[in-house]
Amino acid sequence: MNEQVAALLREYAELTVITGGDVFRVRNYEKAARSIRGWPEDIAQLDLKALRAIPGVGASIAAKIAEFSQTGAIGALDELRAKIPPGVLELTRVPGLGPRRAMQLSRELGVQSVDDLAAAIKAGRLDGLAGFGAKSEERIASGIEVYRQGRERVLLDVALRTATAMVDELTPLSQRCAYAGSLRRWRETIGDIDILAAAGDSAPLMAAFSAGQEVVGSGPAKTTIRTASGLTADLRVVPLDAWGAALQYFTGSTAHNVAIRQIAIRQKLKLSEYGLFEADTDRLIVSRTEEEVYARLGLAWIPPALREDRGEIEAAAQGRIPGLVRDNDLRGDLHTHTDLTDGTASLEQMVAAARRRGYEYYAVTDHAPDLIMQRMTDEKMLAQRDQVRALGAGLELLHGTELNIGPDGSVDWEAGFLAGFDICVASVHSHFEQPRAEMTRRFVTACENPYVNVIGHPTTRRIGKRPPVKVDFGELFRACARTGTALEINASPQRLDLPSDQIRAARDAGVKFAIDSDAHSVSELGNMPYGTGTAQRGWLTPDDVINTWPLERLRAFLRKDR
DNA sequence: GCCGTTTTCGGCCCGACTGTTTTCAGTCG
């Protein structure tokens, strides 16, 4: 219900913008929507007083939530919807077209959809419209193209590859260069790439950045391009002295920055991408490093992955920023495949690659027989175990399997056979549409199996392709904590599963996690940083993650008190 | 609409770029 209410509040905010409503009210509805989306408890269970404890939720929004709980609708939202002419909300989704001019197009030309708008431009009906010159028309036409291509956010690996190539190209031309924005925060999908550079003269950087690209906008401080793949990228150039303030600013999130600047204002200071200044005199105080900026505001440095205005600022003020798990904390990978099932590399190749990564231990977990297409048999699995036992110099090899969790929560093998494995991951691979109660029982049964150590890719979502299964997360988390079953943070950029919101809630319930690559090839072993970034967004420390533990502690956990 | 290290009222982040505005509004992040 949290997700649902958050979406309605966001819509309320968007529609309020279109009607020209108070911008601060809009901002507050957006803030409340964000808070509710990430709130650990189901808001349907909360009374008015508990609702108002959510940041940004006061009397009015709490009443709207209660109304939705009882009636399934919000009257004020329905009224607002009725006031907006059809199609205007869609028009505002066209890049370059905001609420004012969308309303104008609807009012003066009767445009009711993006298709209408495209036709109107073609027919020359925008000519002579106040505020719409030839350039505007051109800009909107190109915005419509972008809108029609879906302007989808891209997955982390695509964004990281693109951004890294840009940084590599610009680094020789600048004093410093780095990517910032949502990519630096490890958000699960990326809408735009933000590149920051420090240089005395921005012109050579802007020229190199723009070369051969579609330029959306360009000035001395900022250039925006659209790459051939349709991804928008910004380059901002600042003086080297402003590096820290600029990096802080361009890393975001917007909500985090707004909150940080409010703190500055309270201290009679002003924070911009150029530095922290005295409000009265504009005298520069600090700007060189992020640490200085945060410190002068009375805050510990905040890791980018936490910068979402979800409690990190309070934590930084109180010195309670957790020591987050990092890539080099990981001592091994606990979920990988070989060409015995659907992997593309041999056992020897995968193990050699694991050794090159410097792991202390490594689990081979090919699919079990219930995934019929993998053609696994007891004999093949036991033969692989012999091979694994014979390998392993310089690296502790664990022989495991990825079990299939059946619709009733049962897994592929009986206890006797399962006892032979060092580790068992268990995952849902089918029957995704089960009702919530059945799905919850299914997961809990799997957790209660004394040989199931890790629930693999728990929500089974594929980002942008397959929705998460419906499950009572509170009950699942309690079952994991009670039975000593870890939840996987699957590092594949297509999955990132468990997602970070649920990670944080699960951690609060006492759950442990395994950050796994689920690699089906040598190169996919390199996906771990996406999992670590996701874990950081869930506020995890090394102690929360079983594959940062020394082997003996890990082995004790895997015994599950048997 | 929310909220309190000056406040229960009066604020609410800050700047870049574009276009057509002769002094600034709209849009974006």
Side-chain angles (χ1 to χ4, degrees), chain A residues 9 12-13 16-18 20-33 35 51-65 76 91-105 128-140 142-143 146 151 180-182 185 190-196 202 206 215-225 232-238 242 245-246 248-277 279 282 297-298 309 313 317:
Chain A
L9 294 177
Y12 193 91
T16 303
V17 171
I18 291 170
D22 178 39
V23 292
F24 299 109
R25 232 175 93 219
V26 169
R27 194 174 292 166
N28 193 75
Y29 271 96
E30 287 169 346
K31 177 182 175 163
S35 301
L51 285 172
R52 295 188 59 175
I54 300 173
V57 177
S60 170
I61 293 180
K64 287 185 174 73
I65 295 170
L91 290 179
T92 64
R93 306 238 195 272
V94 173
L97 197 53
R100 296 294 181 101
R101 299 205 298 172
M103 273 302 270
Q104 189 188 353
L105 288 166
L129 199 60
F132 288 82
K135 286 281 183 67
S136 290
E137 234 174 83
E138 212 174 280
R139 204 176 160 79
I140 291 170
S142 117
V146 172
R151 196 166 189 267
S182 49
R185 303 199 312 277
I190 305 297
D192 301 293
I193 289 179
D194 289 295
I195 307 288
L196 177 66
S202 68
M206 297 309 188
V215 178
V216 178
S218 185
K222 172 182 172 180
T223 290
T224 303
I225 61 167
T232 301
D234 278 345
L235 170 64
R236 292 293 304 252
V237 181
V238 297
Q248 194 285 323
Y249 177 65
F250 294 116
T251 298
S253 62
T254 302
H256 175 88
N257 284 356
V258 168
I260 292 286
R261 286 174 183 213
Q262 278 167 347
I263 290 175
I265 289 168
R266 258 183 259 138
Q267 300 181 22
K268 297 216 180 302
L269 304 172
K270 185 185 74 171
L271 180 62
S272 77
E273 56 264 54
Y274 297 110
L276 186 61
F277 300 88
D282 274 348
L297 294 172
D309 192 20
I313 294 168

In terms of side-chain heavy atoms of A:Tyr29, which of B:dG29, B:dT27, B:dG1 is nearest?
B:dG1
What integer distance in Å separates A:Asp194:CG from B:dG15:P?
18 Å
If you look at every strand shown and take non-hydrogen atoms under 4.0 Å, does A:Val57 touch a base, only sugar-phosphate, or nothing?
sugar-phosphate
Atom CZ in A:Arg185, atom CD1 in A:Ile190: separation rounded to 0.5 Å?
8.0 Å
Using a heavy-atom cut-off of 4.0 Å across all strands, would you classify A:Ala32 as base, sugar-phosphate, or nothing?
nothing
Nucleotide nearest A:Ile265 (side chain, heavy atoms from C-beta), chosen from B:dG1, B:dA16, B:dC14:
B:dC14
Quantified in whole Å, what is the C1' atom distance between nucleotide B:dC14 and nucleotide B:dT8?
28 Å
Contact under 4.0 Å: A:Thr254 side-chain N or O vs B:dG29 OP1/OP2:
no
Under 4.0 Å between a side-chain N or O of A:Arg100 and OP1 or OP2 of B:dG26?
yes
A:Ala221 side chain, from C-beta outward: closest of B:dT6, B:dC17, B:dC2
B:dC17
Taking 4.0 Å as the cut-off, does a side-chain nitrogen or oxygen of A:Thr224 come that near to OP1 or OP2 on B:dC17?
no
Return whichever of A:Asp234 or A:Pro220 has its heavy-atom-nearest nucleotide of DNA chain B closer to the 5' end.
A:Pro220
Counting N and O atoms only, with roles assigned by atom type, does the side chain of A:Asn257 sit under 3.5 Å from a partner on the main chain of A:Tyr249, one being a donor and the other an acceptor?
yes
I need the NZ-P distance between A:Lys222 and B:dG29, as an integer number of Å.
7 Å
Between atom CD in A:Gln262 and atom P in B:dT6, what is the gap in whole Å?
14 Å
Distance col, row A:Glu137:CD vs A:Ser142:OG, nearest 0.5 angstrom, shows 12.5 Å
Expressed in whole Å, how much space separates the C1' atoms belonging to B:dT20 and B:dG26?
12 Å
Tell me: CG of A:Leu97 to C1' of B:dT27, nearest whole Å?
10 Å
Can you tell me, in whole Å, how much space there is between the P of B:dG1 and that of B:dT7?
25 Å
Less than 3.5 Å between a donor and an acceptor, one on the side chain of A:Tyr12 and one on the base of B:dG1, is that the case here?
no
When the P atoms of B:dT6 and B:dC12 are compared, how many Å lie between them, rounded to an integer?
15 Å
Rounded to the nearest Å, what distance is computed from the CZ atom of residue A:Arg139 to the P atom of nucleotide B:dC28?
8 Å
To the nearest 0.5 Å, how far apart are CG in A:Leu297 and CZ in A:Arg266?
10.5 Å
If I pick the P atom on B:dT21 and the same atom on B:dT27, what distance separates them, to the nearest angstrom?
15 Å
Considering Watson-Crick and G-U wobble pairs with both distances under 3.5 Å, what does B:dT8 pair with?
none
Please tell me if the side chains of A:Asp234 and A:Asp192 come closer than 4.5 Å, counting only heavy atoms from C-beta onward.
no
Pick base, sugar-phosphate or nothing for A:Ile260, based on heavy-atom distances below 4.0 Å to the nucleic acid.
nothing
Side-chain contact test, heavy atoms from C-beta onward, threshold under 4.5 Å: evaluate it for A:Arg236 versus A:Asp194 and give yes or no.
no
Within 45° of the six-membered ring axis of A:Tyr12 and under 6.0 Å from that ring's centre, is NZ or CZ of A:Lys64 located there?
yes
Of the listed nucleotides B:dT20, B:dC2, B:dG15, the one nearest the side chain of A:Lys135
B:dT20
Starting at atom CG of A:Asp22, determine the distance to atom P of B:dG10, rounded to an integer number of angstrom.
15 Å
Whole angstroms only, please: what is the CD-C1' distance between A:Gln104 and B:dT20?
13 Å
Atom CG of A:Leu129 and atom P of B:dG26 are separated, to the nearest Å, by 14 Å
Inter-nucleotide C1' distance (B:dG15, B:dG10), Å rounded
24 Å
Assert: residue with more 5' nearest nucleotide on DNA chain B, out of A:Thr92 and A:Val258, is A:Val258
With rounding to the closest Å, how many angstrom separate the C1' atoms on B:dA16 and B:dG11?
25 Å
Presence of A:Lys270 side-chain N/O under 4.0 Å of B:dG15 phosphate oxygens OP1/OP2
yes
How is A:Glu273 classified with respect to the nucleic acid when contacts are heavy atoms under 4.0 Å: base, sugar-phosphate, or nothing?
sugar-phosphate
